[in-house]
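To keep things clear, I will list the structure first and then write my remarks on it.
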2 protein chains.
Amino acid sequence: MSTPDTATSKSPAGIRDVAALAQVSTGTVSNTINRPDTVHPRTRAAVEKAIAELGFVPNQQARVLTGASSNVIGLVVLDIESPFYMEAAHVIERTVRESGHVVMLCNSEGDTTRESGLLAMLAAQRVRGVLLAPASLDEDADPYKDLPGDLPVVLLDYNGGPEHCSISVDNVAGGRLAIEHLLQLGHTRIAVVGGPTGLRQFADRAQGAREAIIAAGMDPEVSLIEVSTSGIGIQDGRRAAELLLEGDSPDAVFCGNDMLAFGVYRGLIDAGLSVPEDVALVGYDDIDFARDWVVPLTSVRQPIDKLGTRAARLLIEHSAREDSHTHRQEVLPPELVVRRSTDLRAPAQH
Amino acid sequence: MSTPDTATSKSPAGIRDVAALAQVSTGTVSNTINRPDTVHPRTRAAVEKAIAELGFVPNQQARVLTGASSNVIGLVVLDIESPFYMEAAHVIERTVRESGHVVMLCNSEGDTTRESGLLAMLAAQRVRGVLLAPASLDEDADPYKDLPGDLPVVLLDYNGGPEHCSISVDNVAGGRLAIEHLLQLGHTRIAVVGGPTGLRQFADRAQGAREAIIAAGMDPEVSLIEVSTSGIGIQDGRRAAELLLEGDSPDAVFCGNDMLAFGVYRGLIDAGLSVPEDVALVGYDDIDFARDWVVPLTSVRQPIDKLGTRAARLLIEHSAREDSHTHRQEVLPPELVVRRSTDLRAPAQH
DNA sequence: TTTAAAAAATGAACCGGTTCAAAATTCTCG
DNA sequence: CGAGAATTTTGAACCGGTTCATTTTTTAAA
């Protein structure tokens with residue numbers, strides 16, 4: 001409106017338009033943009049003026065087509081609303097930005113069909129590579145065997161074996177950590193609210209819980225009450241709590257993630273119990289909310305920062321030297337963050 | 001590994017490779033992909049076989065280059081971790097998917113410099129269009145006047161005037177709703193915890209609060225205690241609560257968003273007050289957590305669903321017929337959701 | 001002033017698809 | 001069987017940048 005847009009208001013200016021206006025060749029324009037030091041200052045100024053005048057924006061598509069590698073990185077998560085994945089996305093976005101890349105965020109919604117559709121789309125898009133938090137959790141068959149083209153992929157939060165790069169957190173160790181903490185505090189009837197059977201991460205955490213009980217010389221059949229839920233949200237936790245309170249109440253509850261823990265908390269409060277006096281509560285993930293919850297939540301922290309940065313860097317590296325690349329699997333250790341939901345003496349802030 | 005990859009393991013197969021293998025011309029391959037009904041069944045079969053054999057994935061970049069419109073839509077939000085924007089992103093992703101598009105999610109982190117960088121990048125990427133939740137909230141100067149190229153943009157949650165398409169929610173009305181509710185319940189000393197001065201949304205909500213007080217024939221100077229915060233997170237709310245409790249305690253608090261409300265809740269609880277008995281509490285946004293909070297939170301709901309779907313559809317439409325397009329501004333009404341944080345009689349679930 | 005070397009600019013070919021006018025093939029029907 | 005119509009197939013040109021061998025200009029040295 002205010003800028004009269006001197007010339008073409010039809011289609012966005014191309015490099016040839018710029019070349020014509022600046023009275024140089026297209027090669028020179030290209031050089032001005034990509035190798036400014038190889039072009040004479042006077043010429044450069046003229047070209048830059050023309051670029052500004054036309055509002056010329058180089059077409060990235062065309063650029064990639066000629067061999068330049070794309071600066072887009074795909075990120076496929078299985079739940080775009082889960083705080084855990086969002087924090088991860090944030091870290092990844094930041095890391096990736098430092099090297100001039102951008103993230104294309106996609107949501108598989110835990111659906112393997114959608115997931116492979118997205119992978120195909122990202123391959124068609126010729127993205128630089130993909131960070132994939134897999135929806136498919138079949139252990140036997142490797143579902144990522146035949147990826148479209150030779151799309152570089154790094155699995156996120158899931159160890160897919162030696163055929164893939166991956167960064168994951170040791171979920172079994174995490175489960176163990178939680179239970180060891182509760183045992184140390186003297187709890188003997190511990191409930192485990194693990195998400196849906198079939199989600200590997202959650203199964204592993206429950207497995208760790210069992211191992212810890214056994215290592216302490218106790219019988220899981222007696223001291224461990226396992227409950228599975230259909231989802232991994234607050235409501236699911238709440239229902240789990242109701243279920244637990246029907247039988248012999250546990251004196252501690254370990255939840256497969258923080259959202260479940262929040263739900264369990266509500267269920268306990270509604271039943272007139274208090275945390276941690278009557279029941280101790282441990283979550284998993286240590287999302288931001290855990291620290292700020294009414295009763296700050298003890299939680300097994302996944303090192304999201306490391307997870308995200310490592311994964312992003314690994315992918316960029318991987319996609320840089322396409323061949324002669326050996327897949328690498330990194331497994332990070334989780335860490336227990338003790339707060340008041342298990343220990344009243346814990347500082348109010350952390 | 002299992003697939004020996006007969007031919008080229010060097011660079012991903014191109015349309016000419018397919019044509020050669022199927023013994024047809026490139027045009028026929030293109031037709032097989034895009035207009036299958038115009039090619040003879042026998043030929044089609046041969047081409048499809050070749051495509052499968054080579055693992056051919058059409059290069060989307062090249063496709064776009066020849067004029068096809070991109071299927072990528074940019075989404076720029078100012079806080080990737082904010083539940084509100086994530087819920088919006090989810091809705092948008094879903095809507096956009098239905099028409100075969102994908103979302104490229106970017107985080108401006110409230111920084112206008114980063115924001116324009118992202119817009120330039122999206123323009124270079126030749127995305128179909130951009131949904132922008134603006135970081136720049138200057139009212140006077142229109143900061144989106146000279147967008148790179150003729151990138152179609154729809155402003156999200158912000159009315160940018162007649163020069164832009166936008167979908168927003170009436171924040172003034174929202175503020176009014178909240179206060180009217182509190183007045184109706186008989187509260188007379190109402191605090192308003194509005195975020196940072198300078199964030200328009202928040203300023204508008206506070207403005208609505210003032211209007212409601214005046215409309216009720218009261219004096220804002222007397223009945224309204226306004227507090228501003230430096231951020232819009234839980235911690236900021238908590239600090240605001242501490243500040244409020246130093247002076248004459250209010251009997252109700254209206255917060256600029258739900259996160260602030262959660263923080264205020266913690267501050268109140270820590271000071272030995274209870275909600276809603278001692279102080280009523282109203283949030284804004286009605287994020288998922290509000291319903292599941294320990295004391296379910298009364299909140300002014302932004303119709304995120306509508307916001308997201310409308311915005312996405314408007315953008316696609318806008319970007320379809322580039323010219324002869326008149327900018328449209330839609331303003332959606334907010335809605336009050338009453339829960340126990342203001343009214344004990346509210347049902348436990350909603 | 002001449003000449004060799006360095007610096008700058010050029011422009012056609014190319015990336016990998018799509019398009020479309022023209023050519024080749026198949027079908028219809030007198 | 002042959003003409004005309006309908007259906008398929010073809011392939012060169014194009015999209016908008018980049019590349020790089022070549023040409024042109026400038027600079028430095030003799």
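Chain letters run A, B, ... following the sequence lines, proteins first and then strands; every chain starts at 1.
Nucleic acid contact class of A:V24 (heavy atoms, under 4.0 Å, all strands): sugar-phosphate only. Looking at heavy-atom distances under 4.0 Å, A:G67 makes no contact with the nucleic acid at all.
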Could you pull out all donor-acceptor pairs under 3.5 Å where a side-chain atom in residues 40-52 of chain B meets a protein atom, sequence neighbours excluded?
| from | atom 1 | to | atom 2 | distance (Å) |
| --- | --- | --- | --- | --- |
| B:R44 | NE | B:P36 | O | 3.3 |
| B:R44 | NH2 | B:P36 | O | 3.4 |

Sequence neighbours left out, cut at 3.5 Å: what donor-acceptor pairs do the side chains of residues 68-78 of chain B make with other protein atoms?
| from | atom 1 | to | atom 2 | distance (Å) |
| --- | --- | --- | --- | --- |
| B:S70 | OG | B:V72 | N | 2.9 |

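For B:Q23, the side chain to side chain donor-acceptor pair (under 3.5 Å) test picks out no residue, with sequence neighbours left out. In this structure B:L65 satisfies the side-chain contact (heavy atoms from CB on, under 4.5 Å) test together with A:N59, A:A62, A:L65, sequence neighbours excluded. Residues satisfying the salt bridge (charged side-chain N to carboxylate O under 4.0 Å, His left out) criterion with B:R16, sequence neighbours excluded, are absent altogether. For A:T38, the side-chain contact (heavy atoms from CB on, under 4.5 Å) test picks out A:N31, A:R35, with sequence neighbours left out. In terms of the side-chain contact (heavy atoms from CB on, under 4.5 Å) criterion, residue partners of A:S82 (sequence neighbours excluded) are, by chain and number, A:D79, A:F84, A:Y85. With sequence neighbours left out, the side-chain contact (heavy atoms from CB on, under 4.5 Å) criterion links B:D305 to B:V91.
Positionally, the nearest nucleotide of DNA chain D for B:T43 lies more toward the 5' end than for the other of B:T43 and A:R42. Remark on DNA chain D: of its neighbouring residues A:R63 and B:T66, the 5'-side contact belongs to B:T66, judged by nearest-heavy-atom nucleotide. Residue whose closest nucleotide on DNA chain C sits further toward the 5' end, between A:H40 and B:N59: A:H40. Checking B:Q61 against B:G27, the closest nucleotide of DNA chain C that is more toward the 5' end is the one next to B:Q61.
Helix-axis bend for the helix from C:dT1-D:dA30 to C:dG30-D:dC1: the local axis fitted to the five terminal pairs at one end deviates from that at the other end by 40°, rounded to 10°.
Side chain of B:T32 to backbone of B:T28: a donor-acceptor contact under 3.5 angstrom is found. Side-chain atoms of B:Q329 come within 3.5 Å of backbone N or O of B:H164 as a donor-acceptor pair.
Near DNA chain D, meaning a heavy atom under 4.0 Å away, the residues from residues 30-39 of chain A are A:S30, A:N34, A:R35.
Residue pairs meeting the salt bridge (Lys or Arg N to Asp or Glu O under 4.0 Å) criterion with at least one member in residues 94-108 of chain B, sequence neighbours excluded: A:E109-B:R97, B:E93-B:R97.
OP1 or OP2 of C:dT10 sits under 4.0 Å from a side-chain N or O of A:S25.
Close approach of DNA chain D to chain A, defined as any atom under 4.0 Å from a non-hydrogen atom of the protein, starts and stops at D:dG16 to D:dT19.
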